[in-house]
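Remarks on the structure that follows.
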Amino acid sequence: MYHFKHSTIFLIFCLLAVFFRLTSFLPVVIDHDESTYIIIADQWMQGVLPYVGTLDVKPIGIYGVFYGFLSIIKSVWFIRFMTALVIGSTGFLMYRIYFQLFQNRWQSLIAGTLYLWLISLHKWGWSANTEIYFVLCSVLALWVLLQSNKLSQYFIVGLILGVGFLFKYHIVFDILAFVIFDLFRRISWKNWLTHWSIAFAGFLLPYTIVAFLYYSANHLDAYVFATYTIPSQYASDFSMGKALGFFGEYFLSFAPISLAYFYSLYFLLKRSHIEKETAILLSGWSLLAWLGILSTGKLYFHYYIQFLPPFCLVAGLVPQFWSKLNSIRFSLRKVVAAIIIAALISNGSQYLQLFKKNDPTKEIASIIRADTDTNDYVYTNDKNILYFLSGTKIPTKYVHTSLLYKDDLAEAYEIDRNSELERIIKTNPAYIVLREPVPQWQAIIEESYQSVQQFAEVTLYRRNE
């Protein structure tokens with residue numbers, strides 16, 4: 001077996017993550033959520049504070065990270081590139097965790113690489129979503145936890161998990177899995193309670209700092225409304241039938257790996273040659289990750305990402321019970337061939353899904369940019385990334401276009417749609433881009449705007465001079 005330094009293996013994981021996702025860097029739009037985070041971060045760079053001048057339900061972490069990325073290169077592809085490095089870092093940490101648990105280097109590499117590949121195979125893993133970032137925090141915290149015994153180390157574990165909480169609250173389900181695992185590996189529950197009390201103090205610190213900053217700026221009400229009130233009003237009723245279908249769809253989409261996962265899970269639960277604590281960690285993490293995914297009743301496919309780390313760690317156990325693997329000679333040529341095949345499959349899937357129909361957003365942005373300046377307003381109820389690409393002003397704080405057109409979202413955000421639509425049209429946008437007509441605006445558009453171009457289902461209107 002080839003032996004590399006950890007720094008070299010880390011670099012290889014990052015390069016593989018980029019290699020597996022290259023094609024996904026090219027489109028300007030993959031989903032509305034990623035576009036919304038980019039717009040809010042970009043607006044923040046211009047002095048518009050999240051939750052005050054722009055409104056979305058996500059915790060502030062994703063906007064802060066995108067703010068940092070856009071400060072380096074103001075580009076959609078660069079955010080996807082940096083997200084690939086985050087994925088590579090997560091895969092590397094999974095490699096380290098697996099090796100620490102099972103002391104098998106090849107299987108460790110397989111488990112980490114499996115994460116990079118599976119998250120690159122399906123559309124729900126291609127955009128820079130919050131799950132990718134909080135999963136990094138979960139895996140990093142677990143890696144530190146496995147080596148921790150001092151109170152100061154537990155504070156760091158809590159601090160990392162607290163940062164993850166600033167990306168998505170679902171990390172609490174991962175935290176519960178780690179807390180239960182640590183209880184079983186501790187001799188004294190009092191000792192466990194002391195250590196996790198310190199960890200809890202570290203966990204609270206990031207959220208407390210952000211809340212204090214909003215309080216200092218006299219915007220605490222806006223912060224609480226966005227990060228607590230809206231999420232509490234956002235959940236849907238739980239449906240067992242839909243949940244089972246959603247559950248089954250995941251495992252069917254990764255059918256061969258899913259068989260490996262369930263085969264390994266059987267041995268895990270039997271605890272054949274595996275320590276009890278490790279079996280509790282991986283099986284408990286799997287169960288609690290699914291509880292997190294299904295908890296809101298909103299069955300969005302990118303929620304699957306939370307389950308990928310325990311899924312890949314457990315699926316990577318198959319060679320532990322497959323003795324023939326030890327007789328396979330892993331040459332560099334075979335490894336490179338397998339990586340190339342995997343990259344062709346993932347990039348091929350990205351190409352087929354992302355380029356199957358022409359997206360006019362880039363062309364529309366180019367037309368608008370040539371005829372406007374940064375003081376002009378533009379409105380779209382189609383692809384909201386248009387705001388970022390055109391560099392114009394946004395006439396509404398509801399930058400995620402669905403908020404004004406979906407009943408459940410408008411209700412959760414407490415939006416008076418008629419008043420908001422009236423306010424938008426009063427900003428006198430230089431251009432309006434509509435996928436679906438707005439009945440309240442029909443007379444104004446007929447009188448004050450002209451259709452510039454029709455792009456399939458999207459119409460571009462320009463204000464009359």
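Count residues from 1 along the sequence.
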What are the two closest heavy atoms between [X] and [Y], and how far apart are they?
X	Y	value
A412	I230	O-CG1, 3.8 Å
S349	L121	OG-O, 2.8 Å
M94	C312	CE-CB, 3.6 Å
G125	R21	O-NH2, 2.6 Å

Exercise. Under the side chain to side chain donor-acceptor pair (under 3.5 Å) rule, collect the residues that match up with T113, sequence neighbours excluded.
Key: none
Quiz item: Got a sec, which residues hit side chain to side chain donor-acceptor pair (under 3.5 Å) with R96, two or more places apart in sequence or on another chain?
Solution: none
Quiz item: What's the spacing between Y387 OH and T396 OG1 if we round to 0.5 Å?
Solution: 7.0 Å
Between [Y] and [X], does any NZ, NE, NH1 or NH2 come within less than 4.0 Å of an OD or OE carboxylate oxygen?
X	Y	value
K298	D408	yes
E275	R185	no
D42	K74	yes

Practice problem: Please assess E131 against H302 for the test side-chain hydrogen bond (donor to acceptor under 3.5 Å, both in side chains), listing each intermediate value before the final yes or no. | Solution: CA-CA 7 Å; E131 287 81 4; H302 55 86; 3.0 Å; yes
Exercise. Taking the six-membered ring for Trp and the single ring otherwise, decide whether the centroids of Y63 and Y67 are under 6.0 Å apart.
Key: no
Quiz item: Less than 4.5 Å apart, any side-chain heavy atom of L146 and any of F181?
Solution: yes
Quiz item: ring-ring contact (aromatic ring centres under 6.0 Å, His included): which pairs involve residues 131-152, sequence neighbours left out?
Solution: Y133-F167
Quiz item: Would you say N381's side chain and T401's backbone share a donor-acceptor pair under 3.5 angstrom?
Solution: no
